[in-house]
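Written out below as structure tokens is the structure these notes cover.
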2 protein chains.
Amino acid sequence: MNCLRLAGPFLLAASTACGLARANDLPSSEDGTGVAGRVFVVERASESLAVYDLLRRRLLPQRIEGLGNLRHATMVFSPDLRYGYLATRSGKVTRIDLETLRPSGEVYSSRSSIDNAISQDGRFLAVGEYAPGGLTLLDARTLKVLKRIPGSFERDGQEQRSRVTGVVDAPGNRFVCVLMEGAEVWIVDASRPGFPVEHRIPTPHPQPYDAMITPDGRHYLVGHLLSGHVSVVDLVHPERGAREVSLRDPHRNFAKAPPVKLPHMAAWAVAGEAVFVPLVGEKRLAVLDRATWTFRCSVPLRGHPVYAVASPTEREVWVSFSGEDDDAYVQVVDTARCEVVRTLEVGGRIYHMDFTPRGSHVLVSANRANQLVLIDANAYRIEDREQLRSPSGVFGAWRAFRMGL
Amino acid sequence: MNCLRLAGPFLLAASTACGLARANDLPSSEDGTGVAGRVFVVERASESLAVYDLLRRRLLPQRIEGLGNLRHATMVFSPDLRYGYLATRSGKVTRIDLETLRPSGEVYSSRSSIDNAISQDGRFLAVGEYAPGGLTLLDARTLKVLKRIPGSFERDGQEQRSRVTGVVDAPGNRFVCVLMEGAEVWIVDASRPGFPVEHRIPTPHPQPYDAMITPDGRHYLVGHLLSGHVSVVDLVHPERGAREVSLRDPHRNFAKAPPVKLPHMAAWAVAGEAVFVPLVGEKRLAVLDRATWTFRCSVPLRGHPVYAVASPTEREVWVSFSGEDDDAYVQVVDTARCEVVRTLEVGGRIYHMDFTPRGSHVLVSANRANQLVLIDANAYRIEDREQLRSPSGVFGAWRAFRMGL
């Protein structure tokens, strides 16, 4: 009895789930795939998540629905891959059971959320809030709100309230986030009771709009609107404050245009000792040295970049674009040569890209084409296209094992 | 009915598994943890695997038994975390269902195996064989033997047969391995029918004993018995052959002694642009530059190193030792300063160490102490000790998402 397994849509033959099946007894097709092969795709317009089975190259028949406003939604995963957590612009956080593919709890952390992260011990969620602005700490198991930290800051002697974004996990069971109006980086200690804000670090420029952490958990990078600079906080030395780093190319001027779509900084690519930054309103990537944070080179591109995603091989960065002339294309940048080596036409209005964890494939959502596209990253060959409803963010379960995702 | 979930020892309340449970309806303790939080520990003497639940900090009550000779056993995981595959010195490969924690198939690939790997597409297993020497390709789903490639090589006009070790996955759905007597690196193409050996690359030194691949999948490193050199193959340019790289310290002589235990090369640590190599029979790590493969520095140690494991933060390498005077200790090397910054006493005869994927903890098996030890990697504090039977290899399910593991 205790080896019966009926999980979600998968009904396994008892001979498979129970005891020792010899190799030639194994079923050929009913065998369900495991949770880590499931990729969750945000369907913006229909407030739903579609689920793609990466091993079988097929969309699962069920959707997860009624999730709230998904115009900007982020999903994180518990370290044991039991649950995913989706934060939404409705302020609703939904917990998804990754086995049954059903919601297993929800809570309103605010009226509008932008971002979330899970602590490295898996116990706490932090949600970045737009309205009212602040950071909400949740118990990942019970979904109880444990603390609401208002995004308070002082300006001209007045206490004001800021939106909070760029929420990431960091070593030492910390969360890091940035205040958009407050222009402060906060480091919150989730290893101590009460979640104290242990550092408030002013950024040298105003109007932070997004932030990211390097994959080693060392540096927190903040982008600023209307600025040719980013702010960098060394999390090993927060007492040194935020450093101003220029993205300008000293050797060449690139035309500037108002951005059609603001690049998410979560999409900055780190490959080896280089950081590839999609410039706002310029047709290039800026490449910075990760050790010194100095400018290395520019990579000219066909359009205004949105996402730059590094292959786990660190040999390539794949870039997507904004604007109807360019947004169906992906350009592949050779990281050693610092130049585009290939251009792929994938499908209209690419919103998100992600490499599979060993780098064999790239998953791309093409919003206008209503497709999820699977590309063989070695052969640059499209292997699968699935019809979806207004697809946006692509979240593979393997993100559970990467800092800052 | 289709949301009933009875899996292995976990019986979930129907209210949890079915539909939407509000946060305050969630059970407090019966809630099973997901497959990705399970750590499999080889128990050498009893031919069993113990299973540790990392989130709950407890050993699961059931063991997986009857697995064969586990004096040297390696476990790999399917990319969807549905299965683990254990290769053994009995030549038996057992597939473990990660949900039910029971064997779900077995096959004898030879009379004695040393190593295994899974292809990046999850379809094939490659097993390195000692007897008879060669590489066996298995279907990961049916466990059928698809091909046996004898470890054949020519010497003095004679066809001879070699043991095969150091089996890893590599980009392009390749497998790479090394012939111990044949002194050749093989690159096998698992993306083409028949698994052709597309490159046979002689190593500049004889007697390869183990090998590894860098985490970016670029370089394959081969260690040689009784040699101060390693061989390095650039997998992007296999036609260039194997390069000889010296581990000698040009500035200082270290005493040499016969090794008590040969370091596994799987344990070489790559952190940023440096490779940390445990020297055979010397009380130091050699640090090589990953870009140029030149010698950078030596890190003097308290004993003969066995394992060197890099933190995902890349800021530390943790080292274990052979010999009764040293084998209960772990030394922590600061990768920027290239020196030991801390020494921890953990438990007798440390056999294996592994970081959790975001670097918050280290799992250590102490064979003589019969313990699995969980260490908080930020506070250097032992958080849990579990009694096991002769523990050896420690395999966290997150290895599914790292090349070469």
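A quick note: this is a predicted structure, and the numbers were derived from the prediction, not measured. Here is how names work: the chains are called A, B, and so on, in the same order as the sequence lines, proteins then strands, and each is numbered from 1.
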- Note: A/G34 and B/D80 closest approach over all heavy atoms is N-OD2, 2.7 Å
- Message: Please rank B/A291, B/G172, B/S191 by heavy-atom pairs under 4.5 Å with chain A and give me the top one.
- Response: B/G172
- Item | Interchain contact, A/N378 with chain B, by part (heavy-atom threshold 4.5 Å) | side chain
- Note on the structure: Residue from A/A271, A/P79, A/G217, A/G359 scoring the most non-hydrogen pairs under 4.5 Å with chain B is A/P79
- Query: Hey, is CZ on A/R296 packed in by over 12 heavy atoms from elsewhere, all under 6.0 Å?
  - Reply: yes
- How many angstroms lie between OG in B/S78 and CG in A/L55, if you round to the nearest 0.5 Å? 7.0 Å
- Query: Can you tell which of B/R123, B/R402, B/H361 has the highest number of heavy-atom pairs within less than 4.5 Å of chain A?
  - Reply: B/R402
- More than 12 heavy atoms from other groups under 6.0 Å of CZ on B/R399: yes
- Task: For A/R82 and B/T33, work out which heavy atoms get closest and say how close.
- Result: CD-C, 3.8 Å
- Message: Does any backbone or side-chain atom of B/R315 lie under 4.5 Å from a heavy atom of chain A? Answer side chain, backbone, both or neither.
- Response: side chain
- Note on the structure: Bottom line for A/R57: the part with an atom under 4.5 Å from chain B's heavy atoms is neither
- A/F401 side, atom CZ; B/F401 side, atom CZ - distance, nearest 0.5 Å: 5.0 Å
- Given B/G404, B/A379, B/A400, the one with more heavy-atom pairs under 4.5 angstrom with chain A than any other is B/A400
- Message: Going by side chain to side chain contact (heavy atoms under 4.5 Å, CB included), A/M403 matches just one of B/P357, B/P312, B/S360. Which one?
- Response: B/P312
- Enter the distance from B/L98:CG to A/L81:CG here, rounded to the nearest 0.5 Å. 11.0 Å
- Task: Specify the closest pair of heavy atoms between B/E273 and A/E273, including all atoms of both residues, with the distance to one decimal.
- Result: CG-CG, 3.4 Å
- Smallest heavy-atom separation, B/T313 atom then A/P171 atom, equals CG2-CG, 4.0 Å
- Pick from A/V236, A/V35, A/D376, A/L54: which one has the most heavy-atom pairs with chain B under 4.5 Å? A/V236
- Message: Is it the case that over 12 heavy atoms from other parts of the model lie below 6.0 angstrom from the CZ atom of A/R63?
- Response: yes
- Query: Between atom CD of B/E99 and atom CD of A/E99, what is the distance when rounded to the nearest 0.5 Å?
  - Reply: 4.5 Å
- Message: Which heavy atom of B/R358 sits nearest to which heavy atom of A/D169, and what is that distance?
- Response: NH1-OD1, 2.5 Å
